[in-house]
Amino acid sequence: MDIVTAADADGINAWLHDGATSWATLSAAGDGHTLAYQGGPRRLADELEEAWDQWTAQGPPISTTTA
């Protein structure tokens, strides 16, 4: 998966590509919402949203390393 991000006045934007034929763009709308556009057989924006929801529900990973 290739992911490129950039910030603008509205927030963080992301461009995703699976290296084959599926792609998605996520654009900050400036009002706290994000606009998603996607194409190809994989629904990359939907996959990302599901993964994000699981991550926020379970909490971030706990580091097991010590300094």
So how far is it from [X] [atom1] to [Y] [atom2], rounded to the nearest 0.5 Å?
{"X": "Gln58", "Y": "Asp53", "atom1": "CD", "atom2": "CG", "result": "11.0 Å"}
{"X": "Arg42", "Y": "Glu47", "atom1": "CZ", "atom2": "CD", "result": "4.0 Å"}
{"X": "Trp15", "Y": "Asp2", "atom1": "CH2", "atom2": "CG", "result": "14.0 Å"}
{"X": "Thr34", "Y": "Ile12", "atom1": "OG1", "atom2": "CD1", "result": "10.5 Å"}
{"X": "Thr25", "Y": "His17", "atom1": "OG1", "atom2": "NE2", "result": "12.0 Å"}
{"X": "Leu16", "Y": "Met1", "atom1": "CG", "atom2": "CE", "result": "6.0 Å"}

If you take all heavy atoms of Trp23 and Tyr37, which pair is closest and at what distance?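 Closest approach of Trp23 to Tyr37: CZ3-O, 3.6 Å.
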Could you tell me which non-hydrogen atom of Ala36 sits nearest to which non-hydrogen atom of Ala45, and how far apart they are? CB-CB, 4.0 Å
Verify, without hydrogens or angle tests, whether Ser22 (side chain) and Asp18 (backbone) share a donor-acceptor contact under 3.5 angstrom.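 No, Ser22 side chain to Asp18 backbone: no donor-acceptor pair under 3.5 Å.
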For a side-chain contact (heavy atoms from CB on, under 4.5 Å) check, start with the C-alpha distance between Asn13 and Asp8, then their side-chain angles and the critical distance, and finish with the verdict. CA-CA 8 Å; Asn13 304 294; Asp8 63 17; 3.0 Å; yes
